[in-house]
Each structure stands twice: as C-alpha cells, then as structure tokens.
Amino acid sequence: MSAALAMTSPDASYLASLNPPQRAAVEALDGPVLVLAGAGTGKTRVLTTRLAHLLISRRVSPYEILAVTFTNKAAGEMRERVAHLIGASVEGWWLGTFHALAARILRRHAEVVGLHDNFTILDADDQLRLIKQLMDGSGIDDQRFPAKAVLGIIQKWKDRGEEPERVTGGGEGKILTLYRAYQDRLKTLNAADFGDLLLHNLTIFRTRPEILAQYQQRFKYILVDEYQDTNVGQYLWLRLLAQGARNICCVGDDDQSIYGWRGAEVGNILKFEQDFPGAQIIRLEQNYRSTGHILGAAGGLIARNRERLGKTLWTAAEEGEKVQVRGLWDSEEEARWVGDEIEAAQRKGIPAAQIAILVRASFQTREFEERLLTLGIPYRVIGGPRFYERQEIRDALAYLRVLHQGADDLAFERILNTPKRGIGPATVQQLHTAARALGVPLFEAIARLVETEDLKPKVRSTLRGLIEDFLRWRNQLQTIAHPQVAGMVLDESGYTTMWQQDKSPEAPGRLENLKELISAMAEFDTLAAFLEHVSLVMEQVEGAGNEAVTLMTLHAAKGLEFDVVFLPGWEEGIFPSSRSLDESGERALQEERRLAYVGLTRARKKAYVGYTARRRIHGQWEDALPSRFVAELPKEHIMSETSRGMFADGYGRWATNSGYGSGFGERTNFSYNPPARAVSVTRRAQAYSSGQRVFHDKFGYGTVTQVDGDKLTISFDHSAAKQVMAAFVAPADGE
DNA sequence: GAGGTGGCGACCGAG
DNA sequence: TCGCCACCTC
C-alpha cells in the first residue's frame, strides 16, 4: 500500500473525503484485496473511486480493467458514477454483470464450444420447454422429477462450473444423461442458457490456454462487487482471469449473502484468504445510512448467525426512533396499518419515493397494492411481471429471433401457429420428426418439406408462405432499418391483426406494448444488439414513478435505501420461508436471517416490522405465528405493540368492544400465547359520532370532530388533530 | 384442430 | 385465488 500512496498525486481531491478504511480500500491497488463492506458503509463510493484512482494514478487504460457486478442496476450505477468522476464516457469498458461480460467473451470465441457468434440466449421459459421436450420419452419419472426440478439440478451443475463430463456430485444417472442431451440440443439450436454463458467461458479457458492468456494479460486489474454472491463457476472464472496480474479486489459483505438458492457460496468470501494468498483484508464498518436504533436492531439480529467473518457496524448518527414492531390480526389489517403509517409519514413531509414496503415473496405485494390504491397513494411495484415476459412481447421477440437466427427452433415453434394458422400439435410433431431425421433445424426442415408431397396441401401452402415471408423479411433487413422491418414482420405475419381482432380488455394494451417494443429497438444499432440487450437485461420498463411508494421483494431491495421501510409478514413459514427451511435447514435459516438484516439496513430513519395472526394463503385463511426473527430483535432497539385483544399486552381493556374495521366475521383462536378472553373476539364496525371520546393506540385520548365514512377527524388531547381510520381507535371507556 | 371446462397445485428469489 | 394442464366435445 505504501507504494500506492507514494504514487498518489497530491491533488487527488477525490480521496480527501474518504474515511481512513475507505481510503485504504481505494489505495490498495496491488495484489489481492478483500473489502468487507458492511451495509451503508459507502461501498459503491469506494468501488467507483478505486476505479477512478486506478485510471488516474496508474494511467491504466480502462480496457485493461475488468469490473464485475451482479445486477444491471449496480452496473449502471457504477458506470454513471465513474463517468461523472472522471468526466468521460465509459463506453466499451469491461464493466458489467457476470452474464453480460461472459456473453461478450463467448461471442468472440463461440466456435470453440460449437456455437456461432449469433447464438441465442434462452430465458427460463425456453429452458423449461426444452427440458420438457427432452423428458418426453426419456424414461424419467416426471412425478418424482418434474421438469422444473430437473432443470434445477442441471443449473446447479452449471453453477458449480461442471460440464456433463465433469459432474461429480453423485446424482441420478438418467438426469446426467438428460444434461448431456440438453447441452447437445442447445448446440443444435445455436443457443446458450444463462448458466452456459459462464460455463462455456470456463470450457474455453480450460481447453484453450492461449485464449485464457490473452485475457489474463489484458485484465491488469479486476474489481468485483457483491463477492458474497458469487457461485463456484463465477469464482473459478475470476480466479482463472486473475492468475495473470493477480490484482483482484473483491468487495462484499458476508452478512448480505442472500443468493444461496441460486448457487452462491458464502464460502467464497469466507475463504478468500486461502484462495488468494497474501490477501489484504479491509473492513468498512462506519455506517452512514441508518440511525443507531435501526443499526442496533439489525446488528442484534445478525449476531445470531454463526459462520460470519464478523464486523461491527457503528454510526455517528443519532439514535433516532426505535424500530416499530407491530402484531396485527390479519394481513388485511396489516395492509391498513402500513397504509395509515405511510399517510402519517407523508404528512410529516417524507416523500413517497423515500418509502418502501419490502416483502419476502412477490405475492405478498397484492394486499398492499389494493390498500394503497384505496388510499390513493401512488406506488410502483419493482420486479412484477416484466415487460419482456409478457405474452405479446415474447411472441414478437420469437419472430425476431427466428429472423436473426434461423436455427432457433424454440422461437420458431412458438410462432408457428401464432396467430392461428391451422398448424396443430400433430403437424408440429411431424415437422419435428422430419427435422430430427434430417438433422437440421426446424426452419430448414420445413423449407425442404414444403417442396415434397409429405404434407397436407393446406398445411403445405401455409408453411411455404411462412418460410417465404421469413426469407423476404431477412432480405429486407439488409436494406431497411430493423425497427421498421420488425413492424413489417408483425403486420404481415398477421400478428398485429390477431390482437386487433381480439375482444378482450387487455388487447389494446398489448398493441401498445408492441409499439413500445418497436420504438425501444431504435436505440440499438442492430437487431443482434437489441436481442442481446433483451435477454441479458430484461429490464422493467418503469412507469413515471418518481413520486411513488416502492413495493418490492427483499432480494430486489439489496443495495437500495429509503427513509422509511416497512417489513411486513414476519411470520413463521413466510419469513423465514418454510420452503427454504425444508430445502436446506440451518443454512437456509441463516440466509433468511441475512435477508432480514438486509431489509432492516435499507432504512435510514425509520423501520417498521409487522406480523399477523392470520393470513390468506392460496385463498385460504391460515393461522400464523410470529417469526422467530421478531423475538430476536434486541428489546432496547424496538418498540413493540399489538393490536387490541391479540396478545397479553393490550389485552383486557380492548379485548371486548374494540372498534375494529368492518365486515369481519368470527375469528378463530390465535395460538400464540393467547389470552383466554381473546378467543373468538367478534369485531364489528363501530359507529362513531362527532363529540365522542375515543382512544388511539399511538395518539392517546381525543374527541371526534368529524366523521367521514370510516375516516374520523379527531382532536387529540396530547397531539395535533388527525384524520384516523375508525379501525384504529376504540371508544374511550376507562378515562 | 379449436375451444371450453374442471381439477389441481402453487406462492421464493435474479440474470 | 389464480393459472396451468389434461381431458372433453364439436
């Protein structure tokens, strides 16, 4: 590090604002470095400054730096910040996600693994269809191994960097055979799935040392973000590339490793020192994001995990408000609670964009959406059904894929009979058989078949027309701009007409989406570039949602921060998720706990944790127990309250005659230490009138001054007048 | 070959 | 509750 310091120019003002460990992390340019960056400790700042520092102090060409992230969002942010810092474009840099960078390398050497450089990248949907096709008649018991499970096993192998010949971990012989068949099939389709992007890179590096050497020499410095989320394959990829210059800097936080389910190995970060001997370890522990109470609550929780490298976050900020933990009757009440607290926060001047609701699983967003809709609070859901996953978009893309890459049977099959052309499963089967017999892609096989007498006349002329159309469109691609060609394809194929004639209410929206797709294409120079973007980025086209509350999963929230964060659904089975626990037990529990830690540490000023006694699952009301994580939150950092009549506290005064919401029927007993009298409390809509004395859990006693449906305006004795939902007050009885 | 219906399992997570 | 798939009918 002293060498690096010596080289630092005195006018390196960008270094001045860093704290000592941050500065150390930026300046340790030589050899392997592991930066353990706790939540909110300025990790992105360190990464970008380090990149700028490399360019400025070492005069390294940007093309000699490999900077890897996990998400497109992180890559985009880094790009933007570095460009801003050095005042130049980062176009063409080796800065991107593992998948994007691996795809770039693979396109250059595709022939080594038997692909062409215009190979298609398949998404999960295509993969599953392919597996299903291969499983038909493979003799695999699809009860015991549904296609999804088989795909899961294959993906695990790929995540570990194991080609079929390399598979070690025991496993079913039949599934291994299927893995081989699957890989062969992908090759015929001139396609790669996500796992292949990395895996083929490994194959290329392993079998062609001269190619590896070329990249080893090129990348003088390697920078890795979110190292705790790397899987074995990614680790091997990095290690091979780093063997050249040996200057690799990995930034990560073992406490935020939440991707074990997709093969991430916390082990990678835990054994960094062994993997890269002589590694420097730098800890960033000063948190600049959250208040003391939020940090204390999160820290107490994560301390329950074993197998940590250990960090102690601290903050110079004030203690702030305690984390509010709230027990509620059911998920509907939970949604009302969150909605009301959001309104309260907004009244205090917190903008909607600074408020987030973070859930464990995406289906949990629905009830909140409904509530926010009712309250008229703008919101946006991140990670919902994505633009590129919509039916009409996938169909349109299938046309474009066939156009670009004729061997893409999966795409071709998708649109063979879309719009309806009278080509049913029987014909498709016949075409497949022919293609297999000829050993050529579907498109090619059909082109040949229509010249024979093997097909029924009607089918034959239909297919002949389709093939001719594609050949024509492909020709036009030479002379006409690709967005225009895309428009022609959709119109001339009858696809646009199909939706125009569709009477369903969604049809107009779909046509809109298709227009949007075509206009999005204009941003790319070539059809190939556009398709690459789509398969790698798959980004959601975000509505104008700057002033909106954010609803998303905890996974999607990593790396983000908000003033106010709601963490609902802290119930056993939901969070920690019983599915995870069933799959991998203690390991999974620790990962779930890290997820809770990630959730809490997203909050700057205030965090809320909610749990309910009853929740609708699969449309059925089911009883729930508070998550063990609730009990693990250190008492001194939380403020706990429960809805009236629920648990020991709050019970008694409120068990009867509680003025809860409306239309609720009989409730079954709640089994978590229920007070006897709380059993089967029937809650009815309580009518209030102006002048009536009431009690509110938070604001205390007050007098109703106005009634507007279930919204009351109350003049509180010890607090300003407020609008409150009737559900949240009770008639004052024991003053 | 198309379209309708009823039963059943899912609802975990990213590129 | 919802969406998918198997099965049915025309």
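FYI, side chains are in, hydrogens and waters are out, and symmetry mates aren't considered; it's all heavy atoms of this structure. Convention: sequence-line order gives letters A, B, ...; per-chain numbering from 1.
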Seminar exercise, completed: Minimal heavy-atom distance between A:Ile617 and A:Ile574, with the atoms involved, is CD1-CD1, 4.2 Å

Exercise. Taking C-beta and beyond as the side chain, do A:Phe562 and A:Thr550 meet within less than 4.5 Å on heavy atoms?
Worked result: yes

Exercise. Are side-chain heavy atoms of A:Leu238 and A:Val224 found at a separation under 4.5 Å?
Worked result: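 A:Leu238 reaches A:Val224 side chain to side chain.
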
Exercise. With nearest nucleotides of DNA chain B determined for A:Ile423 and A:Gly260 from heavy-atom distances, which residue corresponds to the more 5′ nucleotide?
Worked result: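 Between the two, 5'-proximity favours A:Ile423.
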
Take the protein atom [atom1] of [X] and the nucleotide atom [atom2] of [N], then report the distance between them rounded to whole Å.
X: A:Gln234; N: B:dG15; atom1: CD; atom2: P; value: 12 Å
X: A:Phe363; N: B:dG9; atom1: CZ; atom2: C1'; value: 14 Å
X: A:His555; N: B:dG13; atom1: NE2; atom2: P; value: 8 Å
X: A:Asn417; N: B:dG1; atom1: CG; atom2: C1'; value: 9 Å
X: A:Leu595; N: B:dA14; atom1: CG; atom2: C1'; value: 13 Å
X: A:Glu369; N: B:dC11; atom1: CD; atom2: P; value: 18 Å
X: A:Leu536; N: B:dG15; atom1: CG; atom2: C1'; value: 8 Å
X: A:Asp225; N: B:dA14; atom1: CG; atom2: P; value: 17 Å

Which nucleotide sits closest to the side chain of [X]: [options]?
X: A:Asn72; options: B:dG3, B:dG15, B:dA14; value: B:dG15
X: A:His99; options: B:dC11, B:dG15, B:dA14; value: B:dG15
X: A:Ala556; options: B:dA14, B:dG1, B:dG13; value: B:dA14
X: A:Ala426; options: B:dA2, B:dG1, B:dG13; value: B:dG1
X: A:Thr427; options: B:dG15, B:dG1, B:dA14; value: B:dG1

Exercise. Phosphate oxygens OP1/OP2 of B:dG13: is one of them under 4.0 Å from a side-chain N or O of A:Ser362?
Worked result: yes

N/O-N/O pairs, protein side and nucleotides 1-9 of chain C side, under 3.5 Å:
residue, atom, partner, partner atom, Å
C:dT1, N3, A:His618, O, 3.4
C:dT1, O4, A:His618, O, 3.4
C:dC5, OP1, A:Lys132, NZ, 3.4

For this session: Would you please indicate if the ring centroids of A:His99 and A:Phe70 are separated by under 6.0 Å?
Result: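 For A:His99 and A:Phe70, the ring centres are not under 6.0 Å apart.
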
Exercise. When the ring centroid of A:Tyr259 is compared with that of A:Trp261, is the distance short of 6.0 Å?
Worked result: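 Yes, ring centres under 6.0 Å apart.
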
Problem set entry | Lys/Arg-Asp/Glu bridge criterion (N-O < 4.0 Å) met for A:Glu332, A:Arg615 | no

Exercise. Are A:Arg401 and A:Asp126 close enough for a salt bridge, meaning some N to O gap below 4.0 Å?
Worked result: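 Yes, this pair counts.
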
Exercise. Are A:Phe70 and B:dA14 stacked, counting the six-membered base ring, centres under 5.5 Å, planes under 30°?
Worked result: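 No.
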
Exercise. Are A:Arg79 and A:Trp93 in a cation-pi setup, meaning NZ or CZ lies under 6.0 angstrom from the ring centre and within 45 degrees of the ring axis?
Worked result: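 The answer is no, since A:Arg79 fails at least one limit relative to A:Trp93.
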
For this session: Could you give the distance separating C:dC4 and B:dG13 at their P atoms, to the nearest angstrom?
Result: 16 Å

For this session: Have a look at A:Tyr259 and say if it touches a base, only the backbone sugar-phosphate, or nothing, with a 4.0 Å heavy-atom cut-off.
Result: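 A:Tyr259: backbone/sugar contact only, no base atoms under 4.0 Å.
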
Exercise. How would you label the contact of A:Lys456 with the nucleic acid (heavy atoms, under 4.0 Å): base, sugar-phosphate, or nothing?
Worked result: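 It contacts nothing in the nucleic acid.
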
